[in-house]
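Here is the structure we will look at.
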Amino acid sequence: MKKSIRHRFLINSFLYLFLIGVAALTTSCSRNGYDPDKISHRPRIFLDGGAPIPIIDEYDIAGTQLGSFTDIFSPDQKDRIYGVWIGLDRRAAMTLQKETAKHIGRNLNLVVNGTVIGIHPIESTITNGFIPFIFTHRKSEEAVYAFYKKLEVSVRQIQLELQRQRN
């Protein structure tokens, strides 16, 4: 009996401390986490051959994910084709749906700091708010991870900047 009460007390204490820690982290990150010097990449999405105005800018991007595809024509394991999946907020996902429905057969370009980094051929309407972009040039695994790490940090900082502007 004493052991189960002590055990419950320890679990409850741990949960209480854990929740306080999470609350402290979330409030400190939203207040003090934004660092404009960490924004080195500003990703924007343009319609290939369209106006020089992005259909989606860096403030519309909710998250990124790195992925790879295997080159089926090469037996070498090093011949991976890398890509970046871009996740959008709800409003931008609706814009993407509208634009991809109108422009099937064209490409979307992922542009970072004025350079086209990736492409996505529009084969059908994108309704889920996620766009996979294949890098325009083959890069080494190290170069891909270095680029992705900077992109991910930048997107996180841009989201903190946007949150700060809203508050």
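These values consider heavy atoms only, across backbone and side chains, with no hydrogens, waters or symmetry-generated copies. A quick note: this is a predicted structure, and the numbers were derived from the prediction, not measured.
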Determine, stepwise, if the pair T100 / L108 fulfils side chain to side chain contact (heavy atoms under 4.5 Å, CB included). CA-CA 9 Å; T100 56; L108 292 174; 4.2 Å; yes

Transitively linked via ILVMFWY side-chain contacts under 4.5 Å: [X] with [Y]?
X: I39; Y: L162; value: yes
X: M94; Y: I86; value: no
X: V144; Y: V112; value: yes
X: I61; Y: L66; value: yes

Backbone of G63 reached by a side-chain donor or acceptor of E152 within 3.5 Å: no

Quick one: does N113's side chain have a donor or acceptor within less than 3.5 Å of a partner on R42's backbone? yes

Please test Q163 against L160 for side chain to side chain contact (heavy atoms under 4.5 Å, CB included), starting from the C-alpha separation and ending with a verdict. CA-CA 5 Å; Q163 183 181 7; L160 287 172; 3.7 Å; yes

Pairing residues for K38 by the side chain to side chain contact (heavy atoms under 4.5 Å, CB included) criterion, not counting sequence neighbours: D35, V153, Q157

Side chain to side chain contact (heavy atoms under 4.5 Å, CB included) between L96 and I45: does it pass, once the steps are laid out? CA-CA 10 Å; L96 179 69; I45 299 171; 5.7 Å; no

Take I158 and Y59, measure what side chain to side chain contact (heavy atoms under 4.5 Å, CB included) needs, and give me the verdict at the end. CA-CA 7 Å; I158 290 167; Y59 296 102; 3.6 Å; yes

List for me each residue that meets ring-ring contact (aromatic ring centres under 6.0 Å, His included) alongside H120, sequence neighbours excluded, and say none if there are none. none

Could you list the residues that satisfy ring-ring contact (aromatic ring centres under 6.0 Å, His included) with F46, not counting sequence neighbours? none

Work out which heavy atom in A62 is nearest to a heavy atom in D89; give both atom names and the distance. CB-N, 4.0 Å

Please name the pair of heavy atoms, one in G129 and one in A93, separated by the smallest distance, quoted to 0.1 Å. CA-CB, 3.7 Å

dist Q97:CD -> N128:CG (nearest 0.5 Å) comes out at 9.5 Å

If you measure from NE2 on H103 to CG on L47, what distance do you get to the nearest 0.5 Å? 5.0 Å

Report the residue from N109, I122, I119 that forms a side-chain contact (heavy atoms from CB on, under 4.5 Å) with D48. N109

Measure from the ring center of Y82 to the ring center of Y148 and say whether it is less than 6.0 Å. no

